[in-house]
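First listed ligand is number 1; within each ligand, the first listed atom is number 1. Values in this document were obtained by computation on a predicted structure and should not be read as measured data.
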Amino acid sequence: MRRTIIAGNWKMYTDTGEAKKLAQGIADHVGNRTEPVVILCPPSPMLTTVFNVIQNNPVLLGAQNVHPEPYGAFTGEVSEAMLESVGCSYVIIGHSERRILFGEKDVFLNDKALRVMTGKLTPILCIGETLKEREAEQTFNRIEQQLRDDLKGVTLKNGHDLVIAYEPVWAIGTGRTATPEQAEEVHSFIRERLVKMFGTAIADDITIQYGGSVKPDNAKDLLSQPNIDGALVGGASLKVDSFAAIIDAAG
Ligand code: PEP
């Protein structure tokens, strides 16, 4: 069964006190609900803080980044095993900020995906076109290329082992959102590609989130589309009220 997943990407925001409060507010709001699946992705130093708040709650923990190597002289990086050991179940890979600001290339992201899949973490792979690519009608080519290159050599036992987040770069942190129809067009294209790569049964169960200025007032329309199975939320995940409203729009 395909799962609806709402994930909050806190980026480089919050301090320990704020992280605790935000996580507690979301945990209280979610209560015992297991649908939709809710994931909090705080900055690395706040992972344990958040885990301590949510550990007896259905809310899950995700990291914002991982290095493909298991250990070594990689100052500032964290490994898959380290993330597992502090309670993470998910990790974001290929966020456009990592691709653009930190120069992460598809081959590196593919190494990350392969590494993550040797352990227990589930990758949330972000893909999406820039405004220039959309205007040049290159959206589908770009999506196809990212799926092919980032998931090269990946095999899945089931559809829950991978989450895709479609995040048009022009909609991230800009207040500009893809219309539900624009997003659905790309999501159904992604589903078709996943069917080709992994077969229908597995592809049907893969959650494809939309990300890009998701807010309480646009979440319901986006999530009502047949292939939009959740949201990866940046700005609106930093306040309990707005993130809670997005969770409710999915449930
Ligand atoms: C994101 O960071 O993945 C994101 C979608 O941000 P925002 O919701 O702020 O556009």
Heavy atom of the protein closest to atom 1 (C) of ligand 1 (residue, atom name, distance): His95 NE2, 3.2 Å
If we only count N/O pairs under 3.5 Å, is Thr174 in contact with ligand 1? no
Quick one: which ligand 1 atoms are inside 4.0 Å of a heavy atom on Ser213? 7 (P), 8 (O), 10 (O)
If you count heavy atoms of other groups shown closer than 6.0 angstrom to CD of Gln55, is the number above 12? yes
Which of the numbered atoms in ligand 1 are under 4.0 angstrom from any heavy atom belonging to Gly211? 5 (C)
Is Thr14 reaching over with its side chain to a backbone N or O of Ala19, donor-acceptor style, under 3.5 angstrom? no
Any heavy atom of Gly173 closer to ligand 1 than 4.0 angstrom? yes
Carboxylate-amine/guanidinium contact Glu133 Arg142, below 4.0 Å: yes
Starting from atom 9 (O) of ligand 1, which protein heavy atom do you reach first, and at what distance in Å? Gly235 N, 2.9 Å
Counting non-hydrogen protein atoms only, what is the nearest one to atom 8 (O) of ligand 1? Give residue, atom name and distance. Gly234 N, 2.8 Å
If the test is side-chain hydrogen bond (donor to acceptor under 3.5 Å, both in side chains), which one of Lys112, Arg99, His95 qualifies with Glu104? Lys112
If you count the non-hydrogen atoms of other residues, nucleotides and ligands that lie under 6.0 Å from CZ in Phe189, is the total more than 12? yes
So is Lys11 in contact with ligand 1, going by heavy-atom distances below 4.0 Å? yes
So for Ala171 against ligand 1, with non-hydrogen atoms under 4.0 Å, the contacting part is backbone
Check for a donor-acceptor pair, side chain of Glu97 on one end and backbone N or O of Phe102 on the other, with a separation under 3.5 Å. no
Residue portion contacting ligand 1 (non-hydrogen atoms closer than 4.0 Å) for Asn9: side chain
Trace of the side chain to side chain contact (heavy atoms under 4.5 Å, CB included) decision for Ile92 with Leu232: CA-CA 10 Å; Ile92 298 171; Leu232 180 54; 4.2 Å; yes
Near Gly212, which atoms of ligand 1 are under 4.0 Å from a heavy atom of that residue? 5 (C), 10 (O)
Would you please test Gln64 and Trp10 for side chain to side chain donor-acceptor pair (under 3.5 Å) and show each step? CA-CA 9 Å; Gln64 297 178 20; Trp10 294 2; over 6 Å; no
